[in-house]
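Data block below; observations after.
Atoms within a ligand are numbered from 1 in the order they appear, just like the ligands themselves. A quick note: this is a predicted structure, and the numbers were derived from the prediction, not measured.
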Amino acid sequence: MENVLFREFEEECKHCHGKGYTEVYSEKFWEEVEHLDLLYPTYEQAFIIALDKYPEEVDQEICTQCNGNTVMPNQYGQAIIQNKDFIIEFLQKYKLI
Ligand SMILES: [Zn+2]
C-alpha cells in the first residue's frame with residue numbers, strides 16, 4: 001500500500017500529467033500530421049489519427065521533471081527538502097537514523 005504521508009507532500013507531476021514519461025514525436029510523425037490535417041477538419045483530429053496510424057513514430061522518454069516518479073514534491077514537500085538538515089538533526093537526536 002502507498003504510504004499515506006507521501007500524499008501530503010507530493011502532487012501529480014504537471015509536466016507529464018502523472019504519467020512518468022513524455023511522448024517524443026519524430027519528424028516524420030509531424031509530416032504525417034500536416035498531411036492528415038489537409039484531410040480532416042481539425043488539427044486535433046489529424047493528430048489523433050496520426051497517433052493511431054504511426055505508433056512507431058512516437059517514442060517515450062522518462063519525464064525529465066519527475067524522473068519517472070509521476071509525482072513532484074508540493075509546497076510541503078519542498079519545505080521538507082529545504083529543511084532537510086534540520087530534519088536529519090531531529091531524527092538523529094531521537095536516534096531514528
Ligand atoms: Zn513527470
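At a threshold of 2.8 Å, the Zn ion (ligand 1) has a backbone or side-chain N, O or S atom of Cys63 nearer than that distance. For a distance bound of 2.8 Å, the N, O or S atoms of His17 include none lying that close to the Zn ion (ligand 1).
Checked against the 6.0 Å centroid threshold, Phe47 and Tyr25 count as a close aromatic pair.
For the pair Gln65 and Cys13, the tightest heavy-atom approach, listed with the atom from each and the gap, is CB-SG, 4.1 Å. Among all heavy-atom pairs drawn from Asn74 and Glu10, the shortest one is ND2-N, 3.6 Å.
Angle SG (Cys66) to the Zn ion (ligand 1) to SG (Cys16): 110°, rounded to 10°.
Atom CG of Asp37 sits about 7.5 Å away from atom OG1 of Thr42, to the nearest 0.5 Å.
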